Amino acid sequence: MAPDLRRVEDDSYPAFTRNMERVYGFDYNPDEDTFRSILDVDRAFGHFEGDGMVSTIAAYSLEMTVPGNVVSCGGTTVVSVSPTHRRRGLLTEMMNRHFEDVHERDEPIAALWASESEIYGRFGYGRASTTAEITVRRRGHPLSRLAPATRPVRFVDLDEAKTLIPPFHDRFRLGQPGMFRRWPEWWEARVFSDFPSRRSGATAARWVVVDGDDGIDGYAKYRTKTAPGDDGHSGIEMVITDFIAGSPESWSGLWAFLLSHDLIAKFVARLRSPDDPIFDLLAGPRRAQVEVSDGIWVRVMDVPTALTSRNYQSDFSGVIEVHDPMGLAGGKFRLETTDEGAECKSSDAEPDIAMDIEDLGSVYMGNGGLRRLARAGRVNGGDAELAAADQAFGWDPRPWCPEIF
């Protein structure tokens, strides 16, 4: 008998977690379960077989920033299929049910972090942002002579961090495509909880802030841990996991503070924007080594709503043909963008640009790249039309999602 796909209820949550721990390689500890507090069981599904589950999928109801606006987004998460049930079509069935749920909630886009980057293109998700891991090794870290004056940094305890940081984050994320609103349970579960078993041998989290004219103007969360040293010197490593600032002086102050720690041999900043100010703040930018990878992947669920829900850098007028192999959002659409907004309607005219729904997701958040995709043979269109669309769809700042969901 084939496994039955249905909604997860409270009494089936233990089976839900057991399948995830088998696939994702962790041991579930109910005493440290922060996931349950942020899981919307109404958006959680899986395949049931007997008393257990052999697949899982869920979604967060996100408010995600796109260029110039905020839209509702189905945050696809915890997608897993038991290794005993691979290649049976379970993933496709789950994704179809998930897309039905996103459509029913009038969310114009879905987004995810891909545990394996080969999987989700065939479901229409496009690589919409990049993320960087930045490593700086200690050999003296003077800032550039052109770096702005640094704002002073101070330590805060956890209780003060809980008061000061969320309001600042909420202001900052409104101008940064790819970021989303952290609700209270998310803050507690994903940012402020600090179980020793999850520190990977590092210290408890340290919190620092810079003060601004209206509350704080930036913060950083970091840990340190012992690592093998060179030539008899300290090998302590600093891992920076949450770090944003609202002005050049605050970026400069926080980076200068972090890099000035004695005894630290290596500084590792994770899930950073590829446009992080560190590259322009250091006197020797080569000290900052970067490893770039894909960030969030975006799936456009409703082309007219999605395209009229964001702003554009310049005027554009043309017909875009979107091919959707899943038959959910394809068609030909005339897009008109001006300073006053955008209109997007179905069209019967010959297309100026043709692309797959995956590539529309790639450029939707403002990352650009239509001409690059055309050079790779993935997008079709005239040079002038592609150049105009690239200019219109681009955005500054480029999309950045600093946390995995």
Side-chain angles (χ1 to χ4, degrees), residues 131-158 160-162 164-166 168-169 172-173 176 179 191-192 194 198-212 215-230 233-292 397 400-404:
T131 186
E133 180 169 299
I134 301 170
T135 300
V136 185
R137 295 191 179 273
R138 185 175 182 81
R139 290 188 181 89
H141 306 291
L143 296 188
S144 165
R145 64 182 180 83
L146 299 176
T150 60
R151 277 187 166 171
V153 175
R154 63 184 176 94
F155 283 100
V156 295
D157 62 21
L158 182 58
E160 193 172 5
K162 290 181 178 182
L164 295 176
I165 292 174
F168 169 72
H169 181 277
F172 183 91
R173 58 105 181 168
Q176 176 58 65
M179 291 182 70
V191 184
F192 294 132
D194 196 15
R198 300 182 184 179
R199 297 175 186 167
S200 300
T203 64
R206 319 296 194 206
W207 294 93
V208 292
V209 301
V210 290
D211 291 307
I216 66 169
D217 192 47
Y219 70 91
K221 173 187 178 183
Y222 69 94
R223 307 176 189 274
T224 58
K225 65 178 180 179
T226 302
D230 297 325
H233 289 85
S234 169
I236 298 175
E237 177 178 308
M238 177 185 288
V239 180
I240 304 156
T241 55
D242 198 7
F243 175 19
I244 58 176
S247 67
E249 295 79 10
S250 296
W251 280 115
S252 182
L254 284 163
W255 266 120
F257 165 80
L258 294 168
L259 296 174
S260 68
H261 278 62
D262 292 332
L263 306 181
I264 306 295
K266 182 170 70 170
F267 304 83
V268 181
R270 294 175 176 161
L271 298 176
R272 306 306 302 158
S273 165
D275 297 323
D276 193 287
I278 186 62
F279 302 109
D280 296 307
L281 288 173
L282 285 177
R286 196 184 308 162
R287 300 292 186 197
Q289 300 296 308
V290 61
E291 182 178 345
V292 178
W400 171 44
C401 185
E403 54 195 315
I404 295 173

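Remember, it's a predicted structure, so these values are computed and weren't measured experimentally.
Counting heavy atoms from C-beta outward, P397 and D275 have side chains that stay 4.5 Å or more apart. Using a 4.5 Å heavy-atom threshold, the side chains of L281 and P148 count as touching. In this structure, the side chains of W400 and I244 come closer than 4.5 Å at one or more pairs of heavy atoms. Between W255 and I240 the shortest side-chain heavy-atom distance falls below 4.5 Å. Residues H261 and L263 have side chains not in contact (no heavy-atom distance under 4.5 Å, counting atoms from C-beta outward). For the pair M179/H169, a side-chain contact is recorded, criterion being any heavy-atom separation below 4.5 Å from C-beta on. Residues L282 and L259 have side chains in contact (heavy-atom distance under 4.5 Å, counting atoms from C-beta outward). Between F279 and V290 there is a side-chain heavy-atom pair separated by less than 4.5 Å.
The distance from atom CZ of R270 to atom OG1 of T241, rounded to the nearest 0.5 Å, is 8.5 Å. Atoms OG1 and CD, from T131 and E403 in turn, are 11.5 Å apart once rounded to the nearest 0.5 Å. Considering CZ of F243 and CD1 of I134, their distance stands at 9.0 Å, rounded to 0.5 Å. Atom NZ in K225 sits 13.5 Å away from atom CZ in R199 (nearest 0.5 Å). A distance of 14.0 Å separates OG1 in T135 from CZ in R287, rounded to the nearest 0.5 Å. The line from CZ of R223 to CD of E237 is 13.0 Å long, rounded to the nearest 0.5 Å.
One finds no salt bridge joining R151 and D211 here, because no Lys/Arg side-chain nitrogen approaches an Asp/Glu carboxylate oxygen to under 4.0 Å.
Ring geometry, Y222 versus F155: the interplanar angle falls from 30° to 60°, so the pair is classed tilted. In this pair, F168 and F172 present their aromatic rings tilted. The plane angle is within the 30 to 60° band.
Of all the heavy atoms in V153 and V208, the pair that sits closest is CG1-CB, 3.6 Å. Residues L143 and A256 share a closest heavy-atom pair of CD1-CB, 3.9 Å. The minimum heavy-atom distance linking S247 with D217 is given by the pair OG-OD2, 2.7 Å. Nearest heavy-atom pair across G253 and T150 is CA-CB, 3.6 Å. Nearest heavy atom pair, residue L271 against residue P402, reads CD1-O, 3.5 Å.
The main-chain N or O of P248 is never found under 3.5 Å from a side-chain atom of S252 such that the two would form a donor-acceptor pair. A donor-acceptor distance shorter than 3.5 angstrom exists from the side chain of D194 to the backbone of A205, with no hydrogens or angles considered.
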Criterion ring pair (Phe, Tyr, Trp, His ring centres under 6.0 Å) on F192 and W207, from CA distance to verdict: CA-CA 10 Å; F192 294 132; W207 294 93; 5.5 Å; yes
